[in-house]
Amino acid sequence: DKLLQQAEAAAAAENWDKFKEILNKIVNTNLDLELLEKYIWDYLTSIGAESDPDKEFHVRGGMEYVGLELEKGKIVVDGDAGDRYGFKMKGGKLVIKGNAGNHVGDRMSDGEIVINGNIAHGFGEMVGGKATVKGNVTGTKTAHDMSGGTLIIEGDVKEDIGDYMHGGEITVKGNARLVGNHFMDGG
C-alpha cells in the first residue's frame, strides 16, 4: 500500500525514473499477482482522472478496483461496475452508469459517487462525502459503521442498512425494511 502511494506521488510529479523504480519493487514482491494487477489498475484510474481534472476519465464497465484514493477529477464507468470502486476516496467524482458490485465507496472521506443502477452493498466505514444510488440496494450491510457523509438511496433497500452507524445521514426514498439487529447501534 505504501509503495503504491509512492508510485502515485512519483507519477503526479512526473518523475518517471522514480515511478519505474517503485513499480519494479512492486512487481517483484511476493504479492498475489492478480491482486497486484487490480491495485495497480485501481491507482492508474485515479492518476488518469487526477492528471486532467477538467475532463472526464472514462473506463469500461465490468472491471474491479477503480478510483482508489481518488482526490480530484471525474471517473465515468461506461456500464456496470465490479467490486471495490472508490475505495478510500478523498475527493473528485465517480459516476457509474450501470449497476455496482460490492464494497463501493468503502472508507470514503470526501468526494461524490453516483450509481445510476443498483448496488449490492457498499459505503462501509464511510466518514464523509456524498453518495447517491438511483436504483435499489440488493444486498445487506450497506453503510455499516458509517460515521459521516450523506447517502441517498432513491430505490428500495433490503435489510441491515446502517448497522453500527454512529454519524452521517441516510435518506431512503423507496421502501426500506430496516430490520438489522444493530441499526444505528454505533453510539
Side-chain angles (χ1 to χ4, degrees), residues 1-16 18-53 55-133 139 141-146 149 151:
D1 197 28
K2 199 172 233 182
L3 284 174
L4 290 172
Q5 290 174 349
Q6 291 172 3
E8 181 181 17
E14 296 185 15
N15 185 344
W16 302 117
K18 184 71 173 172
F19 179 78
K20 285 193 268 184
E21 175 188 324
I22 295 167
L23 195 57
N24 190 42
K25 285 181 186 177
I26 292 170
V27 171
N28 290 305
T29 63
N30 290 328
L31 293 175
D32 174 352
L33 287 180
E34 184 177 340
L35 182 62
L36 178 62
E37 289 172 0
K38 289 178 182 180
Y39 273 116
I40 290 171
W41 174 250
D42 208 354
Y43 268 113
L44 288 175
T45 57
S46 294
I47 291 168
E50 291 170 357
S51 68
D52 193 351
K55 293 185 179 176
E56 292 182 347
F57 184 78
H58 286 259
V59 297
R60 65 180 168 83
M63 300 168 60
E64 295 183 355
Y65 291 77
V66 169
L68 177 64
E69 295 186 351
L70 179 67
E71 293 184 10
K72 61 184 177 181
K74 182 177 182 180
I75 298 174
V76 177
V77 180
D78 295 318
D80 291 339
D83 297 337
R84 294 271 185 207
Y85 278 60
F87 185 68
K88 293 185 178 181
M89 208 169 136
K90 300 174 183 176
K93 186 170 185 175
L94 175 59
V95 177
I96 300 170
K97 290 185 176 181
N99 298 317
N102 296 306
H103 302 289
V104 175
D106 281 3
R107 298 184 187 171
M108 74 182 283
S109 59
D110 203 357
E112 181 180 10
I113 296 177
V114 177
I115 301 168
N116 287 308
N118 300 327
I119 184 173
H121 78 265
F123 310 105
E125 300 178 33
M126 181 179 180
V127 298
K130 178 181 178 183
T132 303
V133 178
K141 305 294 184 201
T142 294
H144 71 278
D145 201 25
M146 180 179 177
L151 175 58

With rounding to the nearest 0.5 angstrom, report the [atom1] to [atom2] distance, [X] to [Y].
| X | Y | atom1 | atom2 | value |
| --- | --- | --- | --- | --- |
| Lys90 | Leu68 | NZ | CG | 8.5 Å |
| Leu94 | Met108 | CG | CE | 8.5 Å |
| Phe57 | Asp52 | CZ | CG | 11.0 Å |
| Glu56 | Lys93 | CD | NZ | 9.0 Å |
| Glu71 | Lys88 | CD | NZ | 12.5 Å |

(request) With sequence neighbours excluded, tell me which residues meet side chain to side chain donor-acceptor pair (under 3.5 Å) with Asp80. (result) none
(request) With sequence neighbours excluded, tell me which residues meet side chain to side chain donor-acceptor pair (under 3.5 Å) with Asn99. (result) none
Of all the heavy-atom pairs spanning [X] and [Y], show the shortest one and how long it is.
| X | Y | answer |
| --- | --- | --- |
| Leu70 | Ala49 | CD1-CB, 4.0 Å |
| Arg60 | Val77 | O-CG1, 4.2 Å |
| Ile113 | Ile115 | CG2-CG1, 4.0 Å |

(request) Enumerate the residue pairs fulfilling side-chain hydrogen bond (donor to acceptor under 3.5 Å, both in side chains) with a member in residues 109-119, sequence neighbours excluded, ordered by first and then second residue. (result) none
(request) Give a yes or no answer on whether the side chain of Asp78 reaches the backbone of Gly61 with a donor-acceptor pair at less than 3.5 Å. (result) no
(message) For Arg84 and Glu64: C-alpha separation, side-chain torsions, deciding distance, then whether salt bridge (Lys or Arg N to Asp or Glu O under 4.0 Å) applies.
(response) CA-CA 6 Å; Arg84 294 271 185 207; Glu64 295 183 355; over 6 Å; no
(request) May I have the step-by-step check of side chain to side chain contact (heavy atoms under 4.5 Å, CB included) for Ile75 and Tyr85, ending in yes or no? (result) CA-CA 10 Å; Ile75 298 174; Tyr85 278 60; over 6 Å; no
(message) Once side chain to side chain contact (heavy atoms under 4.5 Å, CB included) is applied, do any residues pair with Lys72, and if so which ones, sequence neighbours excluded?
(response) Glu50, Pro53
(request) Start with the C-alpha distance between Asn102 and His121, add both sets of side-chain angles, then the distance that settles side chain to side chain contact (heavy atoms under 4.5 Å, CB included), and finish with yes or no. (result) CA-CA 5 Å; Asn102 296 306; His121 78 265; 3.0 Å; yes
(message) When you compare the side chain of Leu151 with that of Thr142, does any pair of heavy atoms fall below 4.5 Å?
(response) yes
(message) Taking salt bridge (charged side-chain N to carboxylate O under 4.0 Å, His left out) as the definition, give me every residue that meets it alongside Lys130, ordered by chain and number, with sequence neighbours left out.
(response) none
(request) Give the intermediate values and the outcome of side chain to side chain contact (heavy atoms under 4.5 Å, CB included) for residues Ile119 and Ile96. (result) CA-CA 10 Å; Ile119 184 173; Ile96 300 170; over 6 Å; no
(request) Would you please name every residue forming a ring pair (Phe, Tyr, Trp, His ring centres under 6.0 Å) with Phe87, sequence neighbours left out? (result) none
